[in-house]
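Below is one structure, written out as structure tokens, with a few remarks after it.
So that the names make sense, note that chain A is the first sequence line, chain B the second, and so on, each numbered from 1. Excluded from the calculations below are hydrogen atoms, water molecules and symmetry mates; all remaining heavy atoms, backbone and side chain alike, are included.
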There are 2 protein chains.
Amino acid sequence: MNASPTPMPGRPVRGSTTGRSVMAALDLFGRRWTLRIIWELGSEPLGFRLLQRRCDGMSSSVLRQRLTELQEARLAEVLRDGSYTLTPLGHDAREALGPVIEWSRRWAAELADAPPTAAEGAGDGQRNRF
Amino acid sequence: MNASPTPMPGRPVRGSTTGRSVMAALDLFGRRWTLRIIWELGSEPLGFRLLQRRCDGMSSSVLRQRLTELQEARLAEVLRDGSYTLTPLGHDAREALGPVIEWSRRWAAELADAPPTAAEGAGDGQRNRF
DNA sequence: TGGAGTGCTTCGGAATTCGAAGCACTCATC
DNA sequence: GATGAGTGCTTCGAATTCCGAAGCACTCCA
């Protein structure tokens, strides 16, 4: 498998020596596809290939990696029939994600009428404001 | 600069053809350090170098990239004095992250007494359950 | 006139992600 | 009982992303 161990609370995480649980969570969630997988898995148990399709055909190798991480972190588990689900803890996590989803709607709304025109951080005018 | 454009609601996102705002948000937040930056920036405005230190010395190139993305997404902005803050929208986002932080505590607690022993998804027993 | 500190860029190497291909297997259907 | 379709999962080379040290231009203070 690849490198970087599954972030867990209590011990140092990638790029952090503190080991605070928040940072561990932020690291876990801050990996490509992790949030998405939790989201998709939240509504119903899914088999590997179906889950992959739900995630816009993400690469199987990474999906496998993420699923392993989520299992190690006790957010997901495999059912008898081989499909994946969220554990109670995993469902909690997904619920915790609820406000983020709500926020994204406001975000979309806000960007809708706000002028996306401005030279938004592109190679804009003032370079050094010293 | 690097590739992959800043995810924005309304148009297709990396690995998604739907363009639903939720997916855009999940993509934006699912980039390394993004959540962390929002988190650190939430408490007070920070200059580039200080922010970098707060983020466990993350690489400056990526920090620059993330800050640009966050500005484009209207979550962050630069103050007169050159320091970075969250916009109101950005603060909303951070608040939306609150439950995730709470959850991480429960997560830590749960993993504390749960047996971290089991062969958790490692090359465990049954390979193909067909 | 020096440091010391800042925002930010460059760039080569390391790590992660992608995606197509394939393996082993099950479950119909023929 | 061969065939085809579907499944979970691996492998592996290439593309992308990330890292981190170094450096540039500049400001502020002594």
Side-chain angles (χ1 to χ4, degrees), chain A residues 1-7 13-17 27-37 41 45-71 76-85 121-130, chain B residues 1-7 13-16 27-28 30-37 41 45-71 76-85 121-130:
Chain A
M1 193 193 293
N2 264 348
S4 67
T6 305
V13 200
R14 181 178 55 176
S16 175
T17 52
D27 184 14
L28 178 65
F29 290 149
R31 300 188 171 191
R32 201 114 100 201
W33 295 112
T34 302
L35 288 176
R36 178 70 177 271
I37 292 172
L41 229 41
L46 293 170
F48 187 94
R49 239 144 161 143
L50 185 47
L51 174 56
Q52 180 184 20
R53 252 171 279 158
R54 291 286 179 85
C55 291
D56 296 300
M58 67 173 288
S59 85
S60 57
S61 41
V62 177
L63 176 55
R64 189 85 258 314
Q65 204 172 204
R66 290 294 109 87
L67 283 173
T68 302
E69 290 167 5
L70 287 176
Q71 280 175 261
E77 59 187 349
V78 274
L79 262 31
R80 303 276 179 78
D81 67 350
S83 62
Y84 293 88
T85 7
D124 59 58
Q126 31 157 9
R127 291 226 148 270
N128 279 320
R129 82 265 299 120
F130 281 112
Chain B
M1 196 192 292
N2 264 347
S4 65
T6 306
V13 200
R14 180 178 53 175
S16 174
D27 184 12
L28 178 66
R31 300 188 171 192
R32 200 115 98 199
W33 294 112
T34 302
L35 288 175
R36 177 71 177 270
I37 291 172
L41 229 41
L46 294 171
F48 187 94
R49 238 141 160 148
L50 183 48
L51 175 55
Q52 181 184 19
R53 252 170 280 159
R54 291 287 179 86
C55 292
D56 296 300
M58 67 174 287
S59 86
S60 57
S61 41
V62 177
L63 176 55
R64 188 86 260 314
Q65 203 172 203
R66 291 293 111 87
L67 283 174
T68 303
E69 290 167 4
L70 287 175
Q71 279 175 261
E77 61 187 349
V78 274
L79 262 31
R80 303 276 179 77
D81 66 351
S83 62
Y84 293 89
T85 8
D124 59 58
Q126 31 157 9
R127 290 227 147 270
N128 278 320
R129 82 265 299 122
F130 281 111

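- Nearest nucleotide to the side chain of B:Ser61, out of C:dT17, C:dC11, C:dC8: C:dC11.
- Judged by closest nucleotide on DNA chain C, B:Gln52 is the one of B:Gln52 and A:Glu69 placed further toward the 5' end.
- Rounded to whole Å, atom C1' of C:dC8 lies 11 Å from atom CG of B:Leu67.
- For A:Met58 and D:dC9, the CE to P distance is 13 Å, given to the nearest whole Å.
- At D:dT11, none of the side-chain N or O atoms of A:Arg64 fall inside 4.0 Å of OP1 or OP2 (strictly under the cut-off).
- Computed from coordinates, the A:Asp56 CG to C:dC18 P distance equals 11 Å when rounded to whole Å.
- Under the salt bridge (charged side-chain N to carboxylate O under 4.0 Å, His left out) criterion, B:Glu69 pairs with B:Arg31, B:Arg66, sequence neighbours left out.
- In this entry the distance linking CD of A:Gln65 with C1' of D:dG8 reads 17 Å, nearest Å.
- Using a 4.5 Å cut-off on side-chain heavy atoms (C-beta onward), B:Tyr84 and B:Leu79 make no contact.
- A:Asp81 has its CG atom 12 Å from the C1' atom of D:dT7, to the nearest Å.
- Side-chain atoms of A:Arg64 and A:Ser60 form no donor-acceptor pair, as typed in the model, at a separation below 3.5 Å.
- The side chain of A:Phe48 lies closest to D:dG8 when the candidates are D:dT7, D:dG8, C:dC8.
- To the nearest angstrom, P of C:dT17 lies 13 Å from CG of B:Asp27.
- In this structure, CG of B:Leu51 is placed 9 Å from P of C:dG7, rounded to the nearest angstrom.
- Of the candidates D:dC19, C:dC18, D:dT10, the closest approach to any side-chain atom of A:Val62 belongs to C:dC18.
- A salt bridge does not link B:Asp27 with A:Arg32: none of the charged nitrogens is closer than 4.0 Å to a carboxylate oxygen.
- The side chain of A:Arg32 places no N or O atom within less than 4.0 Å of a non-bridging phosphate oxygen (OP1 or OP2) of D:dT16.
- Checking D:dC18, D:dC19, D:dC9 against every side-chain atom of B:Trp33, the shortest atom distance belongs to D:dC19.
- Not one side-chain nitrogen or oxygen of B:Arg31 sits closer than 4.0 Å to the OP1 or OP2 atom of D:dT16.
- The phosphate of C:dT6 has neither OP1 nor OP2 within less than 4.0 Å of any side-chain N or O from B:Tyr84.
- With B:Leu46 as the partner, the side-chain contact (heavy atoms from CB on, under 4.5 Å) test is satisfied by one option alone out of B:Leu41, B:Thr85, B:Ile37: B:Leu41.
- With contacts defined as side-chain heavy-atom distances shorter than 4.5 Å, the pair A:Leu67/A:Leu51 qualifies.
- Taking the side chain as every heavy atom from C-beta outward, B:Asp56 and B:Arg36 approach each other to under 4.5 Å.
- Note: CZ (A:Arg66) to C1' (D:dG8) measures 18 Å, nearest angstrom.
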Using the 3.5 Å cut-off, write out each protein N or O paired with an N or O of nucleotides 21-23 of chain C and the distance between them.
none

